[in-house]
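Here is the structure we will look at, set down as structure tokens.
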Amino acid sequence: MAHWFHRNPLKATAPVSFNFYGVAGSPAANKICNDLRTTRARLLEMFTDVTCNSEIMKNATDAYFSLLQGFILPLDGTTQENKMRFIQNFKWTDTLQGNTPSAQQDVVFELVSIAFNVALWYTKFASRLAGKENITEPEAKDVHRSLKVAAGIFKNLKEVHIPRLITPAEKGRDLEPRVIDAYIIQCQAEAQEVTIARAIELKHNATLIAALSFETANFYQKADHTLNTLEPECSSKWRKYLQLKQHFYMAYAYCYHGQTLLASDKCGEAIRSLQEAEKCYSRAEALCKEYRQTKGPGTTAKPSEQLFFLKLGGLIKNTLEKCQRENGFIYFHKVPAEAPQLELKASYGLAEPILFELPPLSEQCTAEVYATFDLTKGAKNDKAKPKEEEVKPMKEPDLKPQKDTGCVIS
């Protein structure tokens, strides 16, 4: 299912040398600075490397974060702020704001920005895996898990690290609550899509599929509403995607709820539920066209071209015709004017974010080495600092469409 998910661009950043001139006053301190530079560069390379998998990403992330914490955590036995926290300026773009970067002289800003990119990578990795022609069950589980890992990272940043920033995020930037909330909810909704596809493939109970679809549609609606006060030029395309997914899964919910009603001999209500499914599906089709025509950041998904999307249209049509035939021969029920109120709660299959924790502090970062960093030695070298590097966009690999089998898992 290539091009099933909308993905906003990765954040881009200016190079950071970690050359602190006279400040690093020992070989061990210099080694930490050199290792910070190389592990950061390695992690940035992994974001656009198509051969990178979740294990490689975790190792690259842990290597950098274990060192970076040496400039955040107090290492002198006191509760005072780490003296190295504000020594370096960092520049990062935002996923919705083009190539205009934000800058803060704060290592916590670097931590949350690059961790945000790690979460985005997990969503893109999941999308790439889901786009494979013959996806295996372990790969489908990896898609599901990657989306929950991404949600966990976003959630951890929002609750633990972003509140520590001295300078709060500007409106529309990645680190502000509306944007990061939308990412968390979208990740959970997409993880539940994998569960729904699995339930359909294995012909699980229609009640369960209807409930999961309803919960997923509600997630997409919540994410859309979270973004409704952002500037339209940066959020409209993303919102169209969230809206089309909401209507698509509402169509699924009404379709499978109709099957449940028919099985309970409530044929008139089943017909009305299937009619509502038709309406939601038509709205999803229209939103697919609007989404493709809307300009904005990110790759353009093509859900209406996928068999998973197309199959639902046929399922609704066939199930509605079956209900109408049964009603004409057996039940003779009146079809209600109002669509049934869906009050469905899924007991199983709801996707919760996977808890994210930073790796332990590197063994290189000791109190003794920390003491050899001397901020008073750096001031005289200010004029010798190199000119500021510009921020170049990340060159992301193209997602090659493959033959669509219509399944998320096989």
Side-chain angles (χ1 to χ4, degrees), residues 2-3 5-18 36-52 56-57 60-61 64 68 88-106 109-128 131 146 150 153-154 157 169-176 178-180 182-183 186-187 227 230-241 291-302 386-401:
H3 305 301
F5 301 115
H6 172 89
R7 291 291 175 258
N8 288 325
L10 286 166
K11 295 163 73 68
T13 183
V16 178
S17 68
F18 292 102
L36 277 166
R37 181 172 62 255
T38 56
T39 54
R40 185 183 198 261
R42 163 79 174 161
L43 179 52
L44 292 174
E45 285 174 12
M46 289 303 98
F47 288 143
T48 55
D49 186 343
V50 292
T51 65
C52 182
I56 294 170
M57 178 55 65
T61 303
Y64 183 51
L68 197 65
Q88 176 71 53
N89 191 52
F90 298 93
K91 281 185 179 180
W92 283 92
T93 62
D94 294 87
T95 56
L96 302 179
Q97 302 293 335
N99 212 37
T100 306
S102 301
Q104 289 194 34
Q105 193 153 326
D106 186 347
F109 177 69
E110 163 73 355
L111 173 72
V112 296
S113 297
I114 206 160
F116 197 102
N117 242 19
V118 172
L120 287 175
W121 178 88
Y122 274 102
T123 70
K124 289 170 183 276
F125 176 66
S127 184
R128 198 162 65 241
S146 294
I153 296 172
F154 287 131
L157 294 179
E170 298 171 33
K171 289 181 179 180
R173 299 284 179 178
D174 288 336
L175 307 184
E176 71 121 313
R178 293 173 298 179
V179 177
I180 203 161
Y183 277 115
Q186 179 180 336
C187 288
L227 297 173
L230 285 185
E231 292 296 324
E233 57 266 24
C234 67
S235 63
S236 290
K237 189 174 189 68
W238 191 8
R239 289 192 62 200
K240 289 291 182 188
Y241 166 77
Y291 165 73
R292 283 197 300 271
Q293 293 164 0
T294 303
K295 293 181 179 179
T299 58
T300 300
K302 300 171 183 174
K387 65 178 182 179
E388 288 192 352
E389 297 268 10
E390 65 173 318
V391 179
K392 296 177 181 176
M394 286 260 187
K395 291 184 178 177
E396 299 188 42
D398 291 330
L399 185 63
K400 298 282 190 285

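- Aromatic ring orientation, Phe18 versus Tyr64: perpendicular (interplanar angle above 60°, classes split at 30° and 60°).
- The two residues Val16 and Arg37 come nearest to each other via the heavy atoms O-CG, 3.9 Å.
- The residues Arg7 and Glu396 are annotated as not salt-bridged, no charged nitrogen and carboxylate oxygen being separated by less than 4.0 angstrom.
- Atom OG1 in Thr294 sits 13.0 Å away from atom CD in Glu233 (nearest 0.5 Å).
- Looking at every heavy atom in both residues, Pro297 comes nearest to Pro9 through CB-CD, 4.0 Å.
- Arg178 is linked by a salt bridge (Lys or Arg N to Asp or Glu O under 4.0 Å) to Glu176, counting only residues two or more places apart in sequence or in another chain.
- Put simply, the side chain of Gln186 reaches to within 4.5 Å of the side chain of Tyr241, judged on heavy atoms.
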(request) Take Lys124 and Phe5 through the test side chain to side chain contact (heavy atoms under 4.5 Å, CB included) and record every step on the way to the result. (result) CA-CA 9 Å; Lys124 289 170 183 276; Phe5 301 115; over 6 Å; no
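- Residues Ile56 and Arg42 have side chains in contact (heavy-atom distance under 4.5 Å, counting atoms from C-beta outward).
- Panel note: side chain Asp94, backbone Leu96; no donor-acceptor pair is recorded below 3.5 Å.
- Here the straight-line distance linking atom CD1 of Ile114 with atom CG of Leu43 works out to 4.5 Å at 0.5 Å rounding.
- From Tyr122, atom OH reaches atom OG1 of Thr61 across 6.0 Å, with rounding to the nearest 0.5 Å.
- The distance from the CG atom of Asn117 to the CG atom of Leu10 is 5.0 Å, given to the nearest 0.5 Å.
- At a cut-off of 3.5 Å, with distance as the only test, no side-chain donor of Trp92 or Gln104 sits close to an acceptor on the other residue.
- Taking the six-membered ring where the residue is Trp, Tyr183 and Phe116 present perpendicular rings, their angle passing 60° and hence far from 30°.
- Note that CZ of Arg128 and SG of Cys52 are 7.5 Å apart. Values are rounded to the nearest 0.5 Å.
- A side chain to side chain donor-acceptor pair (under 3.5 Å) with Thr13 is found for exactly one of Glu110, Lys91, Arg40, namely Arg40.
- By the 6.0 Å contact criterion, CD on Glu170 is open, its count of non-hydrogen atoms from other residues, nucleotides or ligands being 12 or less.
- With Lys11 contributing its side chain and Thr93 its backbone, the two residues share a donor-acceptor pair below 3.5 Å.
- To the nearest 0.5 Å, atom CZ of residue Arg292 and atom NZ of residue Lys237 are 9.5 Å apart.
- The two atoms that bring Ala150 and Ala119 nearest to each other are CB-O, 3.4 Å, heavy atoms only.
- Between the side chain of Ser235 and the backbone N or O of Glu231, at least one donor-acceptor pair lies under 3.5 Å.
- Listed by chain and residue number, nothing satisfies the side-chain hydrogen bond (donor to acceptor under 3.5 Å, both in side chains) test with Ser236 (two or more places apart in sequence, or in another chain).
- Taking the side chain as every heavy atom from C-beta outward, Cys187 and Phe154 approach each other to under 4.5 Å.
- With a 4.5 Å cut-off on side-chain heavy atoms, Asp174 and Ile180 do not count as touching.
- Here the closest heavy-atom approach between residue Val118 and residue Ile153 is recorded as CG1-CD1, 3.9 Å.
- Put simply, the side chain of His6 never gets that close to the backbone of Thr300: no donor and acceptor are under 3.5 Å apart.
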(message) Run the side chain to side chain contact (heavy atoms under 4.5 Å, CB included) test on Lys395 and Thr48 for me, step by step, so that the C-alpha distance in whole Å, both residues' side-chain angles and the decisive distance to 0.1 Å come before the verdict.
(response) CA-CA 7 Å; Lys395 291 184 178 177; Thr48 55; 5.6 Å; no
